[in-house]
Enquirer: 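Please read through the structure below; I'll follow up with questions.
Only heavy atoms go into these numbers, but all of them, side chains included; no hydrogens, no water, no symmetry mates.
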Amino acid sequence: MSFYNLSGQIMQDDDGTSYIFSDVFSVVPANGEDPFVCNWGDVDSIRIGDSIITVNVGDRSFVVRPEYFENRKQFLSAKAIASSCASREGVTVHNAVELLPEKSLYVDYDIPDFAVFTKGQYNTKEIKSSLLLLLIGKTARILWTVGILGGIAALIFFHLLIGFDELNWWYLAIGSFFCGVGAVAVTYLIMLVISRIKYAGILKQYSKYDDTVTFAVCDEGFSACESDIYGTCNIIKWNNRDTYMETGSMFIVLRRGKPILWIPKNLLASHQYTKIQEIFAVNLSEK
C-alpha cells in the first residue's frame with residue numbers, strides 16, 4: 001500500500017470504543033463485544049471531511065469525529081491510510097476539496113535523492129492570483145470566439161435593420177465592434193462568477209490551511225504532502241494527459257483540467273527552479 005511509512009492509527013471515542021486504521025479497518029467496542037474487522041475491499045465507501053472520516057460498510061456507518069483524534073498528525077495519517085488502502089481496492093473515496101493532491105493518487109515509489117525537494121506554506125494572495133490566471137487561460141479562446149461571433153451577429157442585425165450604404169457603413173462597423181466587445185465583457189463576468197463558485201472550495205480550504213507542505217519533483221513524478229506524514233516512498237506519477245502552467249509565483253500541475261499541484265516559486269532556489277522547468281518540459285506540455 002502507499003504510505004506504508006505510516007504506522008496503524010488507533011482512535012478512541014468518549015465511550016472507549018476504538019477505531020483502528022491499518023491494513024484492515026477495525027472497530028473494538030468498549031463493552032467487550034466481539035470486534036468488527038473489515039478488509040478495505042469490503043468497504044462500500046469512505047467520506048473524508050476537513051477533520052472527520054466516515055466509513056460505510058453495508059448498513060453500518062462508522063464516524064470517526066474530530067475529537068477522537070489526538071492531534072492533526074493522527075488525522076492526516078488515518079486519512080492517508082484509508083484513502084490509499086481503499087482506492088487500491090477500488091472503493092469510492094469522497095474527499096473534501098483541498099489544495100494538496102488526493103492521497104488515493106499516490107503509488108509506492110522510492111523518490112531518488114537527486115529529486116528537487118523543498119517545503120513551506122502557501123500564501124493566500126499567490127493562490128488567488130494563480131486561480132485568476134488559470135481562469136483567463138481557460139477562457140481566452142472562448143472569449144475570442146464570443147467576440148467575433150458577437151460582432152458578426154451585430155453586423156447582420158444592422159444590415160437587416162438599417163442596411164449599409166456609403167454614409168453609414170463606418171458607424172455601423174464601429175457599432176458592431178463595440179457589440180462584440182460588450183459580448184466579451186458580459187461573458188467574462190459570467191465566467192468569472194462561475195469560476196469563483198467552482199474554486200470556492202479551494203479558497204475556503206486555504207483560508208484555514210496552515211500545514212507545512214513538503215514537495216518533491218523528479219522525472220518519475222511528484223509529491224506534495226503534509227510534512228507531518230511525508231515519506232520518500234510515495235509518489236504521483238506523470239500522466240501523458242497532464243499539463244502545467246507557470247504564473248509569476250507558482251508552478252501549477254493540472255490533471256483533467258483541474259489543479260492538483262501548486263508549487264510556490266519562493267520556496268525554490270535558482271537551480272531548483274531551472275530543474276523543475278526541465279522536468280516539466282520533458283514530461284508535460286505547458287498550458
Enquirer: What's in the same ILVMFWY side-chain cluster as V28, cut-off under 4.5 Å, chained through other members?
Expert: I10, I20
Enquirer: Show the nearest heavy-atom pair for residues C218 and I279, with the distance to one decimal.
Expert: O-CG2, 3.5 Å
Enquirer: Between I46 and T54, does the side chain to side chain contact (heavy atoms under 4.5 Å, CB included) criterion hold? Intermediate values first, please.
Expert: CA-CA 6 Å; I46 297 175; T54 302; over 6 Å; no
Enquirer: So do the side chains of V282 and D219 get within less than 4.5 Å of each other, counting heavy atoms only?
Expert: no
Enquirer: Check Q74 against N71 and note the closest heavy-atom contact, atom names and distance.
Expert: N-OD1, 2.9 Å
Enquirer: Rounded to the nearest 0.5 Å, what separates atom NZ in K79 from atom CG in L6?
Expert: 12.5 Å
Enquirer: With a 4.5 Å heavy-atom cut-off, do I229 and K73 have their side chains touching?
Expert: yes
Enquirer: Does T232 reach the main-chain N or O of D110 with its side chain, forming a donor-acceptor pair under 3.5 Å?
Expert: no
Enquirer: Would you indicate whether the side-chain heavy atoms of D211 and R72 approach each other to under 4.5 Å?
Expert: yes
Enquirer: Do Y106 and S83 touch side chain to side chain, with heavy atoms closer than 4.5 Å?
Expert: no
Enquirer: Check whether any side-chain heavy atom of R65 lies under 4.5 Å from a side-chain heavy atom of S51, and answer yes or no.
Expert: no
Enquirer: Carefully, step by step, assess W238 and L284 under the rule side chain to side chain contact (heavy atoms under 4.5 Å, CB included).
Expert: CA-CA 8 Å; W238 301 120; L284 300 170; 3.7 Å; yes
Enquirer: Please list every donor-acceptor pair under 3.5 Å in which a side-chain atom of residues 32-42 meets a protein atom from a residue at least two apart or in another chain.
Expert:
unit_1	atom_1	unit_2	atom_2	d
E33	OE2	N31	ND2	3.1
W40	NE1	S22	O	2.9
W40	NE1	D23	O	3.4

Enquirer: Hydrophobic side-chain clustering at under 4.5 Å (ILVMFWY, transitive links): who's grouped with F117? Put none if nobody.
Expert: V107, Y109, I111, Y230, I235
Enquirer: Going through the checks in order, is the ring pair (Phe, Tyr, Trp, His ring centres under 6.0 Å) test met by F62 and F25?
Expert: CA-CA 10 Å; F62 301 96; F25 172 66; 5.6 Å; yes
Enquirer: Report, as yes or no, whether the 6.0 Å neighbourhood of atom CG on N266 holds more than 12 heavy atoms from other residues, nucleotides or ligands.
Expert: yes
Enquirer: If you link I, L, V, M, F, W and Y whenever their side-chain heavy atoms are under 4.5 Å apart, who else ends up in the same group as I52?
Expert: V63
Enquirer: Within the 3.5 Å criterion, strictly below it, is a donor on N234 or N5 matched to an acceptor on the partner's side chain?
Expert: yes
Enquirer: Parallel, tilted or perpendicular: which fits the ring planes of Y273 and F251, with parallel below 30° and perpendicular above 60°?
Expert: tilted
Enquirer: Under the side chain to side chain contact (heavy atoms under 4.5 Å, CB included) rule, what do V213 and L100 come out as? Steps first, then yes or no, please.
Expert: CA-CA 9 Å; V213 181; L100 300 184; 3.8 Å; yes
Enquirer: Would you give the length of the straight line joining atom CG of N95 to atom CD1 of I48, rounded to the nearest 0.5 angstrom?
Expert: 4.5 Å
Enquirer: Can you pull out every salt bridge (Lys or Arg N to Asp or Glu O under 4.0 Å) where at least one residue sits in residues 260-275? Sequence neighbours excluded, please.
Expert: E246-K265
Enquirer: What distance do R88 atom CZ and S104 atom OG have between them, rounded to the nearest 0.5 Å?
Expert: 13.0 Å
Enquirer: Would you kindly say whether N56 and S61 are connected by a side-chain donor-acceptor distance under 3.5 Å?
Expert: yes
Enquirer: What's the verdict on salt bridge (charged side-chain N to carboxylate O under 4.0 Å, His left out) for K119 and E226, showing C-alpha distance, side-chain angles and the deciding distance?
Expert: CA-CA 9 Å; K119 69 177 180 178; E226 297 90 347; over 6 Å; no
Enquirer: Supply the atom-to-atom distance F3 CZ to C85 SG, rounded to the nearest 0.5 angstrom.
Expert: 10.5 Å
Enquirer: Quick check for you: to the nearest 0.5 Å, what is the distance between Y4 atom OH and I81 atom CD1?
Expert: 14.0 Å
Enquirer: In the single-linkage hydrophobic clustering (I, L, V, M, F, W, Y; side-chain heavy atoms under 4.5 Å), do M11 and V24 co-cluster?
Expert: no
Enquirer: Suppose we call two aromatic rings close when their centres sit under 6.0 Å apart. Are F75 and Y68 close by that rule?
Expert: no
Enquirer: Has T17 got a side-chain atom pairing as donor or acceptor with D13's backbone, closer than 3.5 angstrom?
Expert: no
Enquirer: Do V93 and E102 come close enough that some side-chain heavy atom pair is under 4.5 Å?
Expert: no
Enquirer: Say you draw a straight line from OH of Y244 to CG of N283; how long is it, rounded to the nearest 0.5 Å?
Expert: 10.5 Å
Enquirer: If the condition is side chain to side chain contact (heavy atoms under 4.5 Å, CB included), which residues does L261 pass it with, not counting sequence neighbours?
Expert: F215, F222, A224, V253, I263
Enquirer: Under 3.5 Å, side chain of S87 to main-chain N/O of S84, donor-acceptor pair present?
Expert: yes
Enquirer: Locate the shortest heavy-atom distance separating S18 from Q12; write the atom from each residue and the value.
Expert: OG-NE2, 3.3 Å
Enquirer: Are F69 and I53 close enough, and set up right, to give a side chain to side chain contact (heavy atoms under 4.5 Å, CB included), and what steps lead you there?
Expert: CA-CA 11 Å; F69 298 101; I53 302 176; 4.1 Å; yes
Enquirer: Taking all atoms of both residues into account, what is the closest heavy-atom pair of V91 and D44, and its distance?
Expert: CG1-O, 3.8 Å
Enquirer: Would the distance check show the side chain of E89 and the main-chain N or O of A86 forming a donor-acceptor pair, the cut-off being under 3.5 Å?
Expert: no
